2 protein chains.
Amino acid sequence: MTIDPPAATPRHRTPPEHAVLDEVTLEAALAALADPVRLTLIREVASAQEWERSCGSFDVPVRKAALSHHFAVLRAAGLIEQRDAGPRRFNRLRRAEFDARFPGLLDAVLRAQAAELQKV
Amino acid sequence: MTIDPPAATPRHRTPPEHAVLDEVTLEAALAALADPVRLTLIREVASAQEWERSCGSFDVPVRKAALSHHFAVLRAAGLIEQRDAGPRRFNRLRRAEFDARFPGLLDAVLRAQAAELQKV
DNA sequence: CAAACTGTTCGCGACTCATCGAACAGCCTA
DNA sequence: TAGGCTGTTCGATGAGTCGCGAACAGTTTG
């Protein structure tokens, strides 16, 4: 039985893990996009500055537990990158990296979504 | 209580119902594509002549009941059109119509899938 | 007519997914 | 240090999906 070293420095929050895009399958990418909440998140983060939006700043009809889950899915699909700043977690779209892995896919989805919203 | 008219002419199989692409949502389209079996079907029907492939001619690891279900999903998403000919049901990709509704989406998916297969 | 073939539908089980409340863990401020 | 804020994790639940075998319905051929 060993003794735990005293936490001299305060332990920081473990930073989020991000996907390696070569390991993201097409199926996983499509599944990540095939959800209305996640589609909203992607659209809003795409239309904002990088690192502008924190997780809690999105207007989606789910509580924070589900929201946290959706961000985990988007992260695993290589669609977003997250960075902690104080108590908040900020987001950016990994557009260039995702485009390199799935050329044209994100553009098509964002365009289709924009058209869908304009139709109403 | 009315009398059923005699089925003088033999009743034909009810032809498959096809989606109106304006009513297909982006989410439904992505969900239809986010499945390995359906992705295989789409790829194979895309690389064949129109009306060349019957439902049973695809090499997928599911039995015919599941296969029939997958074709129903693809039909509902506006991705394929089916036509009965004798006992078989033939397929074609609704490429132009799907492209008009979701520009670039199908191309991106087919391209990504082709690249994924070539990687091995 | 009977048998073979193709595909659909139904009922069922296994599994996944989206969601919630509750509890928890850092971070910041008073 | 106490409390509030942001976000994660856990366990439960309900909904939906995917697969199968069995039964069925047209079609074609023997």
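Since we're looking at a predicted model, the values are computed, not measured. Naming: A, B, ... by sequence-line order, numbering from 1 per chain.
Projected onto DNA chain C by closest heavy-atom contact, A:Ala66 and A:Ala85 fall at different nucleotides, the more 5' of which corresponds to A:Ala66. Between A:Gly86 and B:Gly56, the residue whose closest nucleotide on DNA chain C is further toward the 5' end is B:Gly56. Residues A:Gln82 and B:Ala34 both approach DNA chain D. Their nearest nucleotides, taken by heavy-atom distance, put A:Gln82 toward the 5′ side.
Phosphate proximity of C:dA22 to A:Arg63: absent, as no side-chain N or O sits under 4.0 Å from OP1 or OP2. The side chain of A:His70 contributes an N or O atom lying less than 4.0 Å from OP1 or OP2 of C:dT19. Of the side-chain N and O atoms in A:His69, none sit less than 4.0 angstrom from OP1 or OP2 of D:dT9.
Closest approach of A:Ala112 and B:Phe102 over heavy atoms only: CB-CD2, 3.8 Å.
When side chains are defined from C-beta on, A:Arg75 counts as touching A:Gln82, because their heavy atoms get closer than 4.5 Å.
For B:Arg89 and D:dT27, the CZ to P distance is 11 Å, given to the nearest whole Å. A straight line from NZ of A:Lys64 to C1' of D:dT9 spans 11 Å, rounded to a whole angstrom. Rounded to whole Å, the distance from CZ on B:Phe71 to P on C:dT9 is 14 Å. Put simply, CG on A:Leu74 is 11 Å from P on C:dA18, counting in whole angstrom units. The separation between A:Leu30 atom CG and D:dT17 atom P is 16 Å, rounded to whole Å. As a whole-Å value, the separation of A:Leu67 CG from C:dG21 C1' is 16 Å. The CG atom of B:Asn91 sits 11 Å away from the C1' atom of C:dG7 (whole-angstrom rounding). In this structure, B:Arg75 atom CZ and C:dG7 atom P are separated by 12 Å, rounded to whole Å.
Of all nucleotides listed (D:dG19, D:dT6, C:dC20), D:dT6 comes nearest to the side chain of A:Arg88. Here the side chain of B:Ser54 is nearest to one of C:dT19, C:dG7, D:dG19, namely C:dG7. Considering only the side chain of B:Pro87, D:dT28 comes nearest among C:dT19, D:dT8, D:dT28.
Across all strands shown, B:Asp35 has heavy atoms under 4.0 Å from sugar-phosphate atoms exclusively, and none from any base.
No path of Ile, Leu, Val, Met, Phe, Trp and Tyr side chains, each step under 4.5 Å between heavy atoms, connects A:Leu67 with A:Val73, placing them in separate hydrophobic clusters. Under the 4.5 Å side-chain heavy-atom criterion for Ile, Leu, Val, Met, Phe, Trp and Tyr, A:Ile42 and A:Phe90 are members of distinct hydrophobic clusters. The same ILVMFWY cluster, assembled from side-chain heavy atoms under 4.5 Å apart, contains both A:Leu33 and A:Val37.
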